[in-house]
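Here the structure comes first, spelled out in structure tokens, and everything after it is commentary.
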Amino acid sequence: MSALTRQIFLPVRDYDLAATLASGQAFRWQARDGGWEGIIGPHWVRLQTRDGGIFAETAAPVADWTWLKNYLQTEADLGAVLKAFPDDEPMHAAVTHCRGLRLLRQDPWECLASFILSSTKQIVQIQQIVALLCERFGERVTTPPGRAAAFSFPDCAALALRSERELRDCRMGFRAPNLLRAAQMVARREIDLARLHTLSVAAARHELVRLPGVGPKIANCVLLFASGFQSAFPVDVWVMKALRELYFPRRRVGEKRIHQFAATHFGPHAGYAQQYLFHYMRTKK
DNA sequence: AGCCAGGCTAAAT
DNA sequence: ATTTAGCATGGC
């Protein structure tokens, strides 16, 4: 039916590729020659902002582009999301600072594994660890002629077979046993990542925190970035700082109260609000 | 050199 | 029930 092509144009307004791909939700994108290059599943992709949308190129011919639209969420109604944000100064400032920032819809296993690796690591370092992991244990994917080799994110079964030592050698330190055991649990289907989105947020979160190295913050990242729960609100050091400085200036407020505030103030798209605050905090000034 | 990084966990209060 | 140290590693 559908023709094989290596290019597609996705019409969309208000989509800031740079903010979206480099805001710490995904760790495999690189800016190059005015575009962004990365791997989605088994596909090497290059993305470029064009008038009225995003131009995408792959290395291998593609019949069905659903995977790309799904990943980028180009059909999401950003206007409706922004409209539902609380009508206050901090959110106005954050939205003004990075309008066009979007949430991706990532593969749950890649997202989970990446965020298990994220704890007390800077984003650059997470990117380095993930890159090593892919080179060593991922599958080779087709790249354009003359381009360096590229690799898919290793699936849970591939990592479940490795030794803790092999993972540790990717410079992930004390996170290695957590990643290994999580890979084994997912591979044995002790938890079904693909079905999390069919549960309630609370039930899905309860499932995730059974995994080693996964607490509330990382669980919320997976719920938000991979399972489509837009109410999930990961609170890391940056967001904690943003909430304190923007909403409770010159006051000492306990962490518990901040969490309570975060859980009630931001509405149905709280996760989106969180990403705006996170990116605003990290890139302003 | 010392501090901190998109935290989690077990042990100690 | 709440707080705290330890956990590897690398960048600044």
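Just so we're on the same page: letters track the sequence lines, and every chain starts at 1. Atoms considered below: every heavy atom in the structure, side chains included; atoms not considered: hydrogens, waters and symmetry mates.
A salt bridge does not link A/Arg99 to A/Asp16: none of the charged nitrogens lies less than 4.0 Å from a carboxylate oxygen.
Atom P of nucleotide C/dA8 and atom CZ of A/Arg168 are separated by 6 Å, given to the nearest angstrom. Going from atom CH2 of A/Trp238 over to atom C1' of B/dC4 covers 11 Å, rounded to whole Å. The interatomic distance linking A/Gln127 (CD) with C/dG11 (C1') rounds to 14 Å, in whole Å. Nucleotide C/dT2 holds its P atom 16 Å from the CZ atom of A/Arg257, rounded to whole Å. The distance from atom CE of A/Met240 to atom P of B/dC8 is 12 Å, rounded to the nearest whole Å. In this entry the distance linking CZ of A/Phe174 with P of C/dT9 reads 10 Å, nearest Å. One atom, CG of A/Leu243, and another, P of B/dG6, lie 16 Å apart when rounded to the nearest Å. Spacing between atom CE of A/Met281 and atom P of B/dA5 amounts to 12 Å, rounded to whole angstrom units.
A cation-pi contact, defined as under 6.0 Å to the ring centre and within 45° of the axis, is absent between A/Arg105 and A/Tyr71.
Per the stacking criterion (ring centres < 5.5 Å, plane angle < 30°), A/Phe115 does not stack onto the base of B/dG6.
Comparing A/Leu211 and A/Val235 by the nucleotide of DNA chain B whose heavy atom lies nearest to each, the residue mapping closer to the 5' end is A/Val235. Position along DNA chain C of the nearest nucleotide to A/Val124 versus A/Thr120 favours A/Thr120 as the more 5'-ward residue.
Separating the P atom of B/dC3 from that of C/dA5 is a span of 14 Å, rounded to the nearest Å. Distance noted for atom C1' between C/dC7 and B/dA5: 14 Å (whole Å). With both ends at atom C1', the span from C/dG6 to B/dC4 equals 15 Å, rounded to whole Å. When the P atom is used for both B/dT9 and C/dG10, the distance is 23 Å, rounded to whole Å. Nucleotides B/dC8 and C/dG11 are separated by 23 Å at their C1' atoms, to the nearest Å.
Between A/Arg171 and C/dG10, a side-chain N or O to OP1/OP2 separation shorter than 4.0 Å is present. For C/dT2, the OP1/OP2 oxygens have a side-chain nitrogen or oxygen of A/Lys256 closer than 4.0 Å.
The nucleotide whose nearest atom lies closest to any side-chain atom of A/Val239 is, among B/dG6, C/dG10, B/dG7, B/dG6. Distances from the side chain of A/Asp236 to the nucleotides B/dG7, B/dC8, C/dT9 place B/dG7 closest.
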Worksheet item: Taking it one step at a time, do A/Arg46 and A/Glu37 satisfy salt bridge (charged side-chain N to carboxylate O under 4.0 Å, His left out)?
Response: CA-CA 4 Å; A/Arg46 175 179 169 81; A/Glu37 298 179 3; 2.9 Å; yes
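Note on A/Ser114: nothing from the nucleic acid sits closer than 4.0 angstrom, heavy atoms only. Nucleic acid contact class of A/Gly213 (heavy atoms, under 4.0 Å, all strands): sugar-phosphate only. Heavy atoms of A/Ser118 sit under 4.0 angstrom from primed sugar atoms or phosphate atoms, though from no base atom. Residue contacts for A/Arg175: at a heavy-atom cut-off of 4.0 Å it reaches a base atom on one of the strands shown. Contact annotation for A/Gln275: base contact, defined as any heavy-atom pair under 4.0 Å involving a base atom.
A donor-acceptor contact under 3.5 Å is not formed by the side chain of A/Gln125 with the base of B/dG6. Checked by distance alone, A/Gln128 brings no side-chain donor or acceptor within 3.5 Å of a matching partner on the base of C/dG11.
Ring geometry, A/Phe261 versus A/His265: the interplanar angle falls under 30°, so the pair is classed parallel (tilted spans 30 to 60°).
Between atom OH of residue A/Tyr15 and atom CG of residue A/Leu47 there is a gap of 8.0 Å, rounded to the nearest 0.5 Å.
Separation of the A/Phe266 and A/Phe85 ring centroids does not fall under the 6.0 Å cut-off.
Both A/Ile126 and A/Val214 are assigned to one and the same hydrophobic cluster, defined by single-linkage of ILVMFWY side chains at heavy-atom distances under 4.5 Å.
Across the strands present, B/dA1 finds no partner; the criterion is a Watson-Crick or G-U wobble pair with both atom distances under 3.5 angstrom.
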